[in-house]
Protein chains: 2
Amino acid sequence: MNSKNFCPLDHTMNLIGTKWKPIVLFHLLEGPLRSGVLQKKIPGISNKMFTQTVRELEKDKLVTRVVFPVVPPKVEYDLSDRGKSLKNILLGLDSWGATDTYNQTY
Amino acid sequence: MNSKNFCPLDHTMNLIGTKWKPIVLFHLLEGPLRSGVLQKKIPGISNKMFTQTVRELEKDKLVTRVVFPVVPPKVEYDLSDRGKSLKNILLGLDSWGATDTYNQTY
DNA sequence: CAGTATCCACATTGATACTG
DNA sequence: CAGTATCAATGTGGATACTG
């Protein structure tokens, strides 16, 4: 939609600045997860949004998607090197949220 | 809209996870700015979105808003202590965007 | 199991015009 | 200068049903 990147921070936010992307990435920090397992770790996300989110992360080369040719289908998602380079940022966002004194469910 | 904070990271994103908020906060890292000056630092933002964004940041106690009783009107925005505590995160987002090898205007 | 396809309600945003 | 009001266009997201 918007294509003007007038500062580096904006570039970062265009990649991970949505409701679900950081959460998906965060859950992959520990290692690869099977599709259904990853989705179950994220309460509240709809099937549609989950697929859409991982698809965009894949397109942006932040996660990898591996399809195993078995029955029933098995798909694993993992962080790419580029995705792994976001680790400190994701941990920072998480720890800030954890220690923020105003933390409360609005 | 969504009120489920099932992880700290989500709490953080609910506060700054929009297109304009991080950019506004970032430009205030150097110190307080007059409304018009701040807005001019952000190409592409509409008048409406600017006002809406700073209003929400103010409501969430991330920025302060000071109205000077002069003519013509003068308003200054500044980071609150809570907002300042986001400094490392904002700098992290910015430097990641600056060094990301895939950095390119899509 | 993993994912796609629709439909549709609702939220977001930009443009324009206007106020104190 | 700083901000509000309004309208219309677009985007986003959820529910449901379906496929390989």
Side-chain angles (χ1 to χ4, degrees), chain A residues 1-6 10 13-24 27-28 31-60 62-79 106, chain B residues 1-6 10 13-24 27-28 31-60 62-79 106:
Chain A
M1 350 283 69
N2 185 302
S3 54
K4 277 187 217 161
N5 286 354
F6 49 85
D10 191 46
M13 291 306 288
N14 283 339
L15 290 177
I16 64 166
T18 69
K19 174 159 186 52
W20 302 112
K21 284 180 184 180
I23 300 175
V24 169
H27 285 299
L28 288 177
L33 288 177
R34 192 166 174 174
S35 182
V37 176
L38 176 56
Q39 184 169 351
K40 282 188 190 61
K41 281 180 178 287
I42 308 175
I45 197 173
S46 68
N47 200 315
K48 178 181 170 182
M49 288 315 297
F50 176 74
T51 300
Q52 186 175 310
T53 300
V54 291
R55 278 290 176 288
E56 285 173 17
L57 290 173
E58 185 192 10
K59 179 175 68 61
D60 290 335
L62 291 173
V63 307
T64 58
R65 179 172 177 270
V66 177
V67 181
F68 294 82
V70 296
V71 178
K74 174 180 174 181
V75 173
E76 268 195 1
Y77 292 101
D78 195 6
L79 293 182
Y106 281 90
Chain B
M1 344 297 52
N2 186 301
S3 53
K4 277 186 218 162
N5 285 355
F6 49 87
D10 191 45
M13 291 306 287
N14 283 339
L15 290 176
I16 65 168
T18 69
K19 173 157 188 53
W20 302 113
K21 284 180 183 179
I23 300 175
V24 168
H27 286 299
L28 289 176
L33 288 177
R34 194 166 173 176
S35 183
V37 176
L38 176 56
Q39 184 169 350
K40 282 186 190 64
K41 282 180 178 288
I42 308 175
I45 196 172
S46 67
N47 198 317
K48 178 181 170 184
M49 288 315 297
F50 176 75
T51 301
Q52 186 175 311
T53 300
V54 290
R55 279 290 176 289
E56 285 174 17
L57 290 173
E58 185 193 8
K59 178 174 69 60
D60 289 335
L62 291 174
V63 306
T64 58
R65 178 172 178 270
V66 178
V67 181
F68 294 84
V70 297
V71 177
K74 174 180 173 181
V75 173
E76 269 195 0
Y77 292 102
D78 196 4
L79 293 182
Y106 280 90

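All of these numbers come straight from a predicted model, not from anything done at the bench. Values reported hereafter were calculated over all heavy atoms of this structure, with side chains retained and with hydrogens, waters and symmetry mates removed. Lettering follows sequence order; numbering is per chain, from 1.
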Return whichever of Met49(B) or Val75(A) has its heavy-atom-nearest nucleotide of DNA chain C closer to the 5' end. Val75(A)
Looking at Thr51(A), does any N or O in its side chain come under 4.0 Å of the phosphate oxygens OP1/OP2 on dA2(C)? no
Heavy atoms from C-beta onward define the side chain here; which of dG3(D), dA15(C), dC1(D) lies closest to that of Lys48(B)? dA15(C)
CZ on Phe50(B) to NZ on Lys40(B), rounded to 0.5 Å: 9.5 Å
Output the distance between atom NZ (Lys19(B)) and atom CG (Asn14(A)), rounded to the nearest 0.5 Å. 5.0 Å
Closer than 4.0 Å, any side-chain N/O of Ser35(A) to the OP1 or OP2 of dG3(C)? yes
Which residue lies more 5' along DNA chain D, comparing Asn47(A) with Asn47(B) via nearest heavy atoms: Asn47(B)
Using heavy atoms to find the nearest nucleotide of DNA chain D for Lys40(B) and Gln52(A) separately, return the residue whose nucleotide is more 5′. Lys40(B)
First locate atom CD1 of Ile23(B), then atom CD1 of Ile45(B), and finally report the distance between them rounded to the nearest 0.5 Å. 7.5 Å
Distance (rounded to the nearest 0.5 Å) between Glu58(A) CD and Thr51(A) OG1: 11.5 Å
note: Trp20(B), atom CH2; dT13(C), atom C1'; distance rounded to Å ~ 10 Å
Of the nucleotides dG14(D), dT4(C), dC1(C), which has the atom closest to the Pro73(A) side chain? dC1(C)
Rounding to a whole Å, what distance do you find between Lys19(B):NZ and dG11(D):P? 14 Å
My understanding is that a pair needs two contacts under 3.5 Å, Watson-Crick or G-U wobble. By that rule, which nucleotide pairs with dG20(D)? dC1(C)
Would you tell me if any nitrogen or oxygen in the side chain of Arg34(B) comes within less than 4.0 Å of OP1 or OP2 on dA2(D)? yes
Check this one for me: any side-chain N or O of Arg65(A) less than 4.0 Å away from OP1 or OP2 of dG3(C)? yes
